[in-house]
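Numbered from 1 within each chain, the chains take letters A, B, ... in sequence-line order. Source: prediction; values computed, not measured.
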4 protein chains.
Amino acid sequence: MTTTPDPDRTDPGPATGPRPDAAGPAAPHGSRTGSAGNPSPAGPDPATAAGQPARTGVWFIGARGSVATTAVTGGAALAAGMHPPTGMVTEMPPFADCGLPPLDGLVFGGHDTNTCPLPKRAEALAAGGVLPHGLPAALRAELAAADAAIRPGGPQRGDTRTDEELITAFAADMTAFTREHGLARTVVVNVASTEPAPAPGADRLPPSSLYAAAALRAGCPYVNFTPSTGLHHPRLARAAAASGLPWAGRDGKTGQTLLRSVLAPMFLQRALEVRAWSGSNVLGGGDGAALAEPAAAAAKNAGKARALTDTLGSAPEGETHIDDVPAMGDWKTAWDHVAFDGFLGTRMFLQTIWQGCDSALAAPLVLDLARLTAAAHAAGTTGPVPGLGFYFKDPDEGPPGLTEQWHALLALAERLRGDA
Amino acid sequence: MTTTPDPDRTDPGPATGPRPDAAGPAAPHGSRTGSAGNPSPAGPDPATAAGQPARTGVWFIGARGSVATTAVTGGAALAAGMHPPTGMVTEMPPFADCGLPPLDGLVFGGHDTNTCPLPKRAEALAAGGVLPHGLPAALRAELAAADAAIRPGGPQRGDTRTDEELITAFAADMTAFTREHGLARTVVVNVASTEPAPAPGADRLPPSSLYAAAALRAGCPYVNFTPSTGLHHPRLARAAAASGLPWAGRDGKTGQTLLRSVLAPMFLQRALEVRAWSGSNVLGGGDGAALAEPAAAAAKNAGKARALTDTLGSAPEGETHIDDVPAMGDWKTAWDHVAFDGFLGTRMFLQTIWQGCDSALAAPLVLDLARLTAAAHAAGTTGPVPGLGFYFKDPDEGPPGLTEQWHALLALAERLRGDA
Amino acid sequence: MTTTPDPDRTDPGPATGPRPDAAGPAAPHGSRTGSAGNPSPAGPDPATAAGQPARTGVWFIGARGSVATTAVTGGAALAAGMHPPTGMVTEMPPFADCGLPPLDGLVFGGHDTNTCPLPKRAEALAAGGVLPHGLPAALRAELAAADAAIRPGGPQRGDTRTDEELITAFAADMTAFTREHGLARTVVVNVASTEPAPAPGADRLPPSSLYAAAALRAGCPYVNFTPSTGLHHPRLARAAAASGLPWAGRDGKTGQTLLRSVLAPMFLQRALEVRAWSGSNVLGGGDGAALAEPAAAAAKNAGKARALTDTLGSAPEGETHIDDVPAMGDWKTAWDHVAFDGFLGTRMFLQTIWQGCDSALAAPLVLDLARLTAAAHAAGTTGPVPGLGFYFKDPDEGPPGLTEQWHALLALAERLRGDA
Amino acid sequence: MTTTPDPDRTDPGPATGPRPDAAGPAAPHGSRTGSAGNPSPAGPDPATAAGQPARTGVWFIGARGSVATTAVTGGAALAAGMHPPTGMVTEMPPFADCGLPPLDGLVFGGHDTNTCPLPKRAEALAAGGVLPHGLPAALRAELAAADAAIRPGGPQRGDTRTDEELITAFAADMTAFTREHGLARTVVVNVASTEPAPAPGADRLPPSSLYAAAALRAGCPYVNFTPSTGLHHPRLARAAAASGLPWAGRDGKTGQTLLRSVLAPMFLQRALEVRAWSGSNVLGGGDGAALAEPAAAAAKNAGKARALTDTLGSAPEGETHIDDVPAMGDWKTAWDHVAFDGFLGTRMFLQTIWQGCDSALAAPLVLDLARLTAAAHAAGTTGPVPGLGFYFKDPDEGPPGLTEQWHALLALAERLRGDA
């Protein structure tokens, strides 16, 4: 007997619980292109009985964390017209009429092993300056509704379930959410704390991959906003390929790497030779603690390094540190120090200091990605959604420079508009 | 009698030497053939008697300044294979086979009212860390040769010549240089200190415009690497249009504005709202003193502000200061402070610190521009050369973002390759 | 007839109440006894009828500004035990038992031409992150009480009163406040916006000097926390000397100059040669607007420059800019760039970036100064209180380095303890 | 048999080679206070036969390293009047007439396992911008003379000598140097690369302690400018106490810690609560490589942390990184990020960026320390020289703030003047 699941078993059969498209409100959306064997057919959105287009689910892995809490609060605030959509790329003109689900058509839920209620988390974020004061109170109903849709997830400490059992349970949660709310589809978005890079040859799937496998099984498009393994596990490759689902990842590009993705091309285009690129991140919150673990930092830094190496052609000297400083709360200061050579070898320097709030930077991008991936699913896209490298440190495809990524994103918007 | 010249008088008559566009503005670059007596015809390069392709002249306005001295020294060092071409964009693979004049085919001369010999200027730059130690000594012959081709220019203090007389004299210098060295053509490049913005309604042309008018009259392509007026004077418009010459400008983008041209698009593409963009430049050298003059600073800052406004759609709050600090020598520190709003109005900051040597940053770009403009001239281009916005703070045309400008430059290389 | 007042007329007569120094300049602080009817005698504090020591008044010029509002709110919060006394020097152990008025024994009032109620100002500061959320609501009663003690001041626009009339009116307000609240004494503290440096030979006293003259006339110790003229006006010199009062000033040292006062001695002690010291301040609030006026900036920068010159022996190259950036609100970023030479002339750099909130930095120091000056008055000190250079950019006396100033402050505490 | 030496055996006897004060030119200087059992008596300097005061030896451990090379070159340049004494504290007025050995009375030698000749090292430092160009050539004779006095040291790779044998050999080198040059005394100064912190219970002494033991045995005052163990080894304690010698250490304070030693007191004196102090150092050279080793970094960071903890009373959050970036050469950028709380808990930030050359910062201090320790020896001081905390991250005694340390140094100068 083994505890290793079979995540490739994409047709779970009766033992693994109801299929999202087996029956009920979620069924119709499979009608367009889905063959009988396709667990997650895409196609035009169903309409509800009242003639309203069906809403879209956003299922957060890490649903009580800072990013998810900010996304839920902000999504509700924007839907209510309480704030302008600063930081949301998909609210800019090029993304109009692309068939993206409207902000007031998003329904939030998710998994989290943490039990702190979402309204309380939102209050804490407001106290820390991440959310505007008063906003959590004004949106108490919306936060409570999302809170009611959060399931405990796992594996919990002492959890004796096998990977297969966990995947089944998680998928059942996702399916139930979709059905209960009569959603056109549910996009699963991983915003959980970065997990350590899995040891080679490990028997068990890392948690992020358990959730990703569950998304496949539940027929849900999947977005990995973290550097954790998620769908990038060799044992998930076959199931992913067979799923007929779109996905996007990984590792959201919010601050230091965002900067690097515009600065590195600048050096390259100007024929200036980058000799060393060093960085230091000072941050608190749960993220600081998680990333200060060497294994998690290694996972995170791999993505940061890739952004430089892909652009510059080779890795410059220098390291990037991530320090956990609880006193920083949800805020981060990232310092970068670039030593470069100019004409005739003249040594010069660029330093950047980025002071931001990762949750506030990530949340609108997460909403963007949920919307874009939902629209891609509706348009029948499968596999990595082309054009989303703009959002990620370690994208599945596309150019490394931000501007080229921006144009690729605009091209995606064009394609979606054509399909919409 | 008036001291106002008639710069539109593009047919200078026998006294000022042969005209490049004797057959009318359209002809030369249409026919692309130069007669033996024509020092700077557009069209395929003439060959010397020995079958070698004719060399290209680079005539610097401000030929004894830091930028020109660095360009002459560096051009010679690269031609001799003494240094790799760091910082020279046109030495990168996309610019091979584009018909650019080779580095060892450039001949340098120019105007300067300063009389310090070029070898001595180069030694001073080496002492200041701008040029490698030992390089001026190793290239003494090349520096002396360029020094011998520098003419005093003007107007000197107490100079009683009219604008017209000055233009005639400058053009004669340019023509004589071209003829004496048997050059295919001579590109005039303004790298003189920034002059104050001209007073409205002034009788006299500013010096930069006198030189630009001389370039037109001598049939020389013209590059304005400074924020001075140059060709952008209303009284030169007709002559420029009629000249059949290509030109490029203005105000080289070497440091702070280079950075801004990649950072501003980043904020825009991410829907982050820039609230204030403030900057401070601490620099010495002649440039520091010149730019600390309010009128010159105004000219300089107009270009800096344009880069932001063009990208962001409106000017953010904040000012940019230029401080003359002689102790900095040829080095500059530029600090930028950007206050921006993210999701739900969360305030964040980006700061950049750029520490560079303007001469070392400018010199390779100046060589790039001389080569590209020469090739454009050979290819029959007239008017502002499309695709050179990459180099300028205040370009004549094209997009404001550096990456788009980079792609426009690559497109120019493609066109030149087709013509080559 | 002249509008020039006679500020030397220190005996205001019956209408303005009893004078503290009726018996001549030396007497009051020599005798140290106050009669019952004397609102502000130097000497031991009177006790109230109930046996409680009499409270101390703090009369702010600029009582509705950010600094005063923060000081009133914070003073009340600390008195109520709601916050630890971070930033208050006089709450540290060396200042115990020095006879300083306790925080819960301070009574606030003042002059301001602005009419925005204090509770509303406090709410705005909380929204801007200067005050903790919820604090203004929790201290509404205290804020309202202080608000009730604020008088309009002047000169208002269109005010036709002479300087003498204004001084008389202001002094009457101060005296009435002292008497109504049965205060042992009232310290007048100028925290109004920086006024332009007065034109030489101006007929009228600048407003800050009118208030300072009123303080003298009302027998109130005086603290000038701004770079405005205040008591430093030649026409006030005789009255000040004759007043028998202590005073302190000027121009509180809260951020950039605080840093400079520890960094400049470091360079000096290490024999490192400072070649240039440049700075840029980006700030909003009323202060930003006021200081961006050239005349006010000149007044402010004089103090900043003095801190460097006094330490280094001569003024290094470099300028200091103050930019008004309304988007910064009450927050400030101050960048300093120091170019210095080390051994054998090796060039090195130090840069500092200070990001703070001036009101939050100033308010506890203002409370410190009110307490220390009150105690000095009680102890019979006259003239500039020795040992307060720690607080000021442009102190009346003492060493320029912060640590020496700290030891001078500790010595003052010792003297007060001896008197207490 | 054991390889462990007996460093406490301070009377080496005939087997361990000549005693510095046994006979010969070094003998007389022991006459003042030395008892028979005192191996290193101090006292007035002897005069040479010619009536000139005897010169002073400076024996560098790490004599071919950047710091020693810079100190030798700079010492010679200053002695020859070629440069002003920037960076040398002991050349400032308070140190005149203190009996310090004059710069032209210093004689250099030392130990190094490296074999690169000193003139060549100096040329390399000039190429790296640490020394002025041309200086090594101008001082070739002085550099060659110092080079001739460098001995190989140890233990070399494969060295089979016991600790005792190594100490004996090193002490013999020191004694021979003193005798050959007829020196009044020789101060041993450790400027070798930081060695890893010794493992607890290790059999062998770390190299720095072998050299320190040799200095004791040779009767030489000892200065430890590195964080290595040196005299701070328990097995050397008895010998040190019995030696009658003065010493100073450890870990020169040149950049980031120098800054911290003025900034930390500022926060303390202003009652601002430091919540986190993080730092990152980017540096090349041998030092970068050595300090990037975790064990060496630990040794280095212990000193850095101590400077903060001693001042602030407890260690704030945050880490300090040292990154080896070979492209930086001998230059270093040190970034510090301080998060602190102000009034009512308002969060603020200070960041500092220090860009310097460690060798150029250290060299003049090393010369200072050699001179001061020599004078202290002449004055009969034994044990840690009081008043030298100004120079060290981890001093043996005294206050942690730089200004207090400065005053302690001035007091030392006063005492030495009294003795001189």
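No other option in C:Gly356, C:Cys357, C:Ala77, C:Gly87 has as many heavy-atom pairs under 4.5 Å with chain D as C:Gly87. Contact count against chain D (heavy-atom pairs under 4.5 Å) is highest for C:Thr346 among C:Thr346, C:Thr70, C:Asp368, C:Leu272. Contact count against chain C (heavy-atom pairs under 4.5 Å) is highest for D:Leu365 among D:Leu409, D:Asp341, D:Thr333, D:Leu365. Of the listed residues D:Arg347, D:Glu404, D:Gln355, the one with more heavy-atom pairs under 4.5 angstrom with chain C than any other is D:Gln355. Most heavy-atom pairs under 4.5 Å with chain D, from the set C:Leu402, C:Leu78, C:Leu410, C:Leu258: that is C:Leu258. Per-residue heavy-atom pair counts under 4.5 Å with chain C were compared for D:Ala360, D:Ala334, D:Pro94, and the maximum is reached by D:Ala360. Comparing D:Ser359, D:Gly255, D:Gly129, D:Gly342 by heavy-atom pairs within less than 4.5 Å of chain C, the highest count is held by D:Gly342.
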After noting the C-alpha distance and the side-chain angles of C:Trp354 and D:Gln351, does the key distance pass the side-chain contact (heavy atoms from CB on, under 4.5 Å) rule? CA-CA 6 Å; C:Trp354 174 271; D:Gln351 296 176 70; over 6 Å; no

Could you go through the side-chain contact (heavy atoms from CB on, under 4.5 Å) check for D:Leu361 and C:Met348 one step at a time? CA-CA 10 Å; D:Leu361 289 161; C:Met348 310 189 197; 3.6 Å; yes

ring-ring contact (aromatic ring centres under 6.0 Å, His included) between D:Trp406 and C:Phe267, intermediate numbers included: CA-CA 12 Å; D:Trp406 167 246; C:Phe267 288 110; over 10 Å; no

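Contact annotation for D:Ser261: neither backbone nor side-chain heavy atoms come within less than 4.5 Å of a heavy atom of chain C. Interface residue D:Pro364: backbone and side-chain heavy atoms are both found under 4.5 Å from chain C. When heavy atoms are compared at a cutoff of 4.5 Å, C:Phe340 approaches chain D solely by way of its side chain, counted from C-beta outward. Only the side chain of D:Leu367 comes within less than 4.5 Å of a heavy atom in chain C; its backbone stays farther off.
Between D:Arg270 and the options C:Met92, C:Met88, C:Lys253, a side chain to side chain contact (heavy atoms under 4.5 Å, CB included) holds for only C:Lys253. Checking each of C:Leu131, C:Thr86, C:Val130 against D:Leu344 for a side chain to side chain contact (heavy atoms under 4.5 Å, CB included) leaves exactly one that passes, namely C:Leu131.
Taking every heavy atom of both residues into account, D:Phe343 and C:Gly75 meet most closely at CZ-N, 4.2 Å. Between D:Val262 and C:Leu263, the shortest heavy-atom contact is CG2-CD2, 4.0 Å.
Atom OG1 of D:Thr352 and atom CD1 of C:Ile353 lie 9.5 Å apart (nearest 0.5 Å).
Ring centers of C:Phe349 and D:Trp331: at least 6.0 Å apart, outside the cut-off.
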